[in-house]
Amino acid sequence: MTVFVDGITDYGDVARSRGLRSTRWAHLTANTPEELHRFAAGIGLNRRWFQNADNVRWHYDVTPGRRAAALKAGAREIDRRGLADLMTARRAAGLIGSGWTDGQTLTLNSTVAAVEARTTGQGAPWAVAAVDGPTGPAECHVFPATYRQCGALLVAGAQLSVAGRVDTRKNPPVVTAMEITLWADAPPATPSAPASAKPAAPAPEVVPLAAPIFGNANGWADVMKRAGEVCQCSGQCGATHRATGGRCDARHGAYAGKGCPPIRLEAAPEDPTVPEHIAARMTADQLMAWCAKCRAGAVNKAKGPTRGKKAPPPQSDALFEIEPPSPTGTPTL
């Protein structure tokens, strides 16, 4: 463990204007945030006093007494030049106070603080979720491809595991989600609110293996409850489903075959031609449960004849048509 502490600086009026109890402070830092937090806890520093978690200047501010305790516990003295060199090395490595490096692939276990629904220029839904990183806030960007698979899990208060890639160039850092699942070993949630706050609405049910492609994420569970967690296709895909009574029997979470992931039902409109930007605003009672196979079949069926096949000739809607030739040989209108 290598921990550093610089010399004492008197910040005078700046410290007094901020209401600090001391004007004389030093900076305590280390090679990694984890080392620093362990050391700081050992000399009695509160984790809430950690500074600049969203950039390379992460540190604890310490008073002369705490500085002396840090030196006694094994911290190394460093001058301003050495501190600047340390910041430069961190910047080159992209090591911010969260302990992440730029481009790193990781799995983040966190509680969702808020979700903002967005739409691409082509009308595809995606979302930005505010989450708690190891040492501060972070943003989770869930783009359309991932949102189609995991969007139903993105509700405020949900405890999730997010696998993705980190971009530390943003403030706060951004995790681009590649997969989202429920946080299996999440601690019990203990939200706090001011006494004057209104009671919060009941949290929506978070369903594992959810994969909605349309509609409000909060309504996914309502669609599945109404459908009995079974695909509601009754021939819209082009199949008769005769062997299962005229309705597809694909059940959410059921075994899908060796080497295949469990079946994941989707919440989408019955009409596969409804554009995504319109369907994304539909309520639960306007959606139905689909398995991926039936949904794909319905979409292909709605597209009409495939390339290479001739479409049937259009029916004439003309007000006037040419009649057969008259006995004189001249066509009449």
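Not measured: the values here are computed from a predicted model.
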Practice item. Determine whether Tyr60 and Met87 fall in the same hydrophobic cluster, where Ile, Leu, Val, Met, Phe, Trp and Tyr are linked whenever their side-chain heavy atoms lie under 4.5 Å apart. Key: no

Check your understanding: Centroid-to-centroid, His37 to Phe50, below 6.0 Å?
Key -> yes

**Study point:** Side chain to side chain, Gln236 and Met288, heavy atoms closer than 4.5 Å
**Key:** yes

Exercise for review: Look up atom OG1 in Thr29 and atom CG in Leu83, then write down how far apart they are to the nearest 0.5 Å.
Suggested key: 7.0 Å

Practice item. Could you tell me whether a side-chain N or O of Ser17 sits under 3.5 Å from a main-chain N or O of Asp13, the two making a donor and an acceptor? Key: yes

Practice item. To the nearest 0.5 Å, tell me how far Gln159 CD sits from Ser110 OG. Key: 9.0 Å

Point to revise | Under 3.5 Å donor-acceptor, Thr119 side chain and Gly123 backbone | key: no

Review point. Is any side-chain heavy atom of Pro272 closer than 4.5 Å to a side-chain heavy atom of Lys303?
Key: no

**Study point:** Main-chain N/O of Trp49 paired to Asn46 side chain as donor or acceptor, under 3.5 Å
**Key:** no

Point to revise | Gap separating the OG1 atom of Thr181 from the CG atom of Leu160, nearest 0.5 angstrom | key: 7.5 Å

Check your understanding: Can you list every salt bridge (Lys or Arg N to Asp or Glu O under 4.0 Å) pair that touches residues 237-256, not counting sequence neighbours?
Key -> none

Practice item. First locate atom CD of Glu266, then atom CZ of Arg295, and finally report the distance between them rounded to the nearest 0.5 Å. Key: 7.0 Å

Revision key, fill the gap. To the nearest 0.5 Å, atom OG1 of Thr2 lies from atom CD1 of Ile78 at 10.5 Å

Review point. Using 30° and 60° as the class limits, which term best fits the ring planes of His141 and Trp126: parallel, tilted or perpendicular?
Key: perpendicular

Point to revise | Interatomic distance, Leu36 atom CG to Trp58 atom CH2 [nearest 0.5 angstrom] | key: 6.0 Å

Exercise for review: Name all residues meeting the salt bridge (Lys or Arg N to Asp or Glu O under 4.0 Å) criterion together with Glu179; count only those two or more places apart in sequence or in a different chain, and write none if there are none.
Suggested key: none

Practice item. Report the C-alpha separation of Thr9 and Arg80 in whole Å, then their side-chain angles, then the decisive distance to 0.1 Å, and conclude whether the side-chain hydrogen bond (donor to acceptor under 3.5 Å, both in side chains) test is met. Key: CA-CA 11 Å; Thr9 300; Arg80 290 283 177 162; 2.9 Å; yes

Review point. Does Leu28 reach the side chain of Phe39, with side-chain heavy atoms less than 4.5 Å apart?
Key: yes

Check your understanding: According to a 4.5 Å side-chain heavy-atom criterion applied to Ile, Leu, Val, Met, Phe, Trp and Tyr, with indirect links allowed, do Leu182 and Ile180 form part of one hydrophobic cluster?
Key -> yes

**Study point:** Validation row: Val3, Asn31 side chains within 4.5 angstrom (heavy atoms)
**Key:** no

Exercise for review: For Ala289, check side-chain contact (heavy atoms from CB on, under 4.5 Å) against everything at least two apart and list the hits.
Suggested key: Val223, Met224, Ala227, Gln232, Leu265

Check your understanding: With a 4.5 Å limit on heavy-atom distance, are the side chains of Arg81 and Asp85 in contact?
Key -> yes

Review point. Side-chain contact, heavy-atom cut-off 4.5 Å: Val131 with Thr111?
Key: no

Exercise for review: Verify, without hydrogens or angle tests, whether Trp290 (side chain) and Ala296 (backbone) share a donor-acceptor contact under 3.5 angstrom.
Suggested key: no

Review point. Sub-3.5 Å donor-acceptor pair from the side chain of Gln286 to the main-chain atoms of Thr283, do we have one?
Key: yes

Check your understanding: Please walk me through it: do Val128 and Val115 pass side-chain contact (heavy atoms from CB on, under 4.5 Å)?
Key -> CA-CA 6 Å; Val128 175; Val115 179; over 6 Å; no

Revision key, fill the gap. Those residues at least two apart in sequence (or on a different chain) that pass side chain to side chain donor-acceptor pair (under 3.5 Å) with Arg118 are Glu116

Practice item. Please examine the side chains of Glu77 and Asp6, heavy atoms only from C-beta on, and report whether any two atoms are closer than 4.5 Å. Key: no

Practice item. Report yes if the side chains of Cys248 and Cys291 come closer than 4.5 Å at any heavy-atom pair, otherwise no. Key: yes

Check your understanding: Can you name the salt bridge (Lys or Arg N to Asp or Glu O under 4.0 Å) partners of Glu270, sequence neighbours left out?
Key -> none

**Study point:** Partners meeting side chain to side chain donor-acceptor pair (under 3.5 Å) with Thr107 (sequence neighbours left out)
**Key:** none

